[in-house]
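Just below is one structure, and these are the notes that go with it.
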2 protein chains.
Amino acid sequence: MINQNKIKLISSLNKKKYREQHQLFIAEGEKLVLDLINSKLNISEVFIRDNWNGNKIIPTGITTTHTTEQYLKKISQLKTAPPIIALCSMPKKNLADINFSNDLCIALDDIQDPGNLGTIIRLADWFGIKNIVCSQNTVDVYNPKVIQATMGAIARVNIHYTDIEELLIEQQKQQVPIYGTFLDGEDIYSNKLSPSGIIVMGNEGKGISPAIEQYVDSKLLIPSFSTNLDKSESLNVSTATAITLSEFKRRI
Amino acid sequence: MINQNKIKLISSLNKKKYREQHQLFIAEGEKLVLDLINSKLNISEVFIRDNWNGNKIIPTGITTTHTTEQYLKKISQLKTAPPIIALCSMPKKNLADINFSNDLCIALDDIQDPGNLGTIIRLADWFGIKNIVCSQNTVDVYNPKVIQATMGAIARVNIHYTDIEELLIEQQKQQVPIYGTFLDGEDIYSNKLSPSGIIVMGNEGKGISPAIEQYVDSKLLIPSFSTNLDKSESLNVSTATAITLSEFKRRI
């Protein structure tokens, strides 16, 4: 059974403040929880519905609490409570472990939408990017909506939060190339791209902020092929990230 | 003033059945409505908040009804009612107008998520794709969530609904190349891609259905660069579409 204190704790984890305090977050649904169980993430406890016949897939050694649908509804952040919810420990990550001179990394400048952050983490996973560095104002990666949108990729990509301006200053001194996409940049398809460095992606509405833009040495443009005269198109940050990572990686 | 019958009509447009019956849909918010006003779409009427100071941007010739915030809330599909909502006529489109032998088109096989369809329309706009053909089970393009997600691109891309299996049979007879992305396809980066043809993108969970797969002559793979052994990654359909269109267009 699940007790009232545990329900209170888990419900509190929809707020960043309490996630930070307890260093815990939740993941919901069979596919996602199984992905996390089979990863190097530390699962503190899983809660499963009493009569759920999927319980055999949970390995021994994972603390498992059976509960009713009613209680799962209380702790779920989804519209329909899934039969399995996991309480997970936040992984420890150290910015100093990233070798910017050898690896390709993404820096996010104030991404606000949880779906976009989740999709970018999935893209990083697909393209073999091990680290994403987020500005302090980027949406919290342990927000339940972000966790759901990563589809398990959260277990395979390290997400760091820091002052990205300071980071860029420091890495520029080390001759690490810094890229970003802009509407007045140079054609990404013909521009020279290095196998390592930092790719900055900007906020949904404002793009890359002027404070950050000054450290970008290579401004890249994803060219439009539109023939509309009344065009006012833009790409969203997830699809721009997809195209940018595809271009960097296909040429290695 | 806005009368009760008009409120009832507009509220009914959150259902596909009534949108089809009246051949009308709604668009909300300043940026989106202005984009549509400045396009070839036919705007039936705009509703604006009495004290809104943005009303000067609406060109003469557009039927404009002033109303209160309270009434805008009644007709809005958004959490927070914007100061401007437009009632728009569905554009007439004819599948027979598409020249599949000369143009690159997208065919969508049962896309379910309104955000994905909206994003794919934005991508089509960016990459100069004039037509998207959707299966009958694809989410309705005039669903308010799709319209919002297109960010105005809805005015510049023609969206058709048809039996895409029949379409593919017919176009294959005409030697129109048919492409699709699959996890067991051939590397998109090294595969030959033609400047015209049909690119099929599949459902979020199931991918391209077997009934449709049999007509795809070129199965393409977007390769993963992940080095994780416990990988179970996939790309979502919007980001896969972004990378696929980028590859087709950059080589023209």
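Since the structure is predicted, the reported quantities are computational estimates derived from the model, not experimental observations. Order of the sequence lines fixes the chain letters, A, B, ..., with proteins taken first and strands second; residue numbering starts at 1 for each chain.
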Applying a strict 4.5 Å limit to non-hydrogen atoms, the region of B/Phe127 in contact with chain A is both
For residues 76-83 of chain A against chain B, heavy atoms under 4.5 Å, the residues are none
Applying a strict 4.5 Å limit to non-hydrogen atoms, the region of B/Thr239 in contact with chain A is both
Sorted by chain and residue number, the ring-ring contact (aromatic ring centres under 6.0 Å, His included) partners of A/Phe182 (sequence neighbours excluded) come out as none
Would the number of heavy atoms belonging to other residues, nucleotides or ligands and lying under 6.0 Å from NZ of A/Lys219 be above 12? yes
Sorted by chain and residue number, the ring-ring contact (aromatic ring centres under 6.0 Å, His included) partners of B/Phe47 (sequence neighbours excluded) come out as none
When rounded to the nearest 0.5 Å, the distance separating CG of B/Asp109 from CD1 of B/Ile111 is 7.5 Å
Item checked: Side chain to side chain, A/Leu221 and A/Glu186, heavy atoms closer than 4.5 Å -> no
Would B/Asp35 and B/Lys31 satisfy salt bridge (Lys or Arg N to Asp or Glu O under 4.0 Å), going step by step from the backbone distance to the final call?
CA-CA 6 Å; B/Asp35 261 19; B/Lys31 200 194 157 300; 3.5 Å; yes
Okay, B/Ile222 and chain A: the region with an atom under 4.5 Å from a heavy atom over there is both
Those residues at least two apart in sequence (or on a different chain) that pass ring-ring contact (aromatic ring centres under 6.0 Å, His included) with B/Phe100 are none
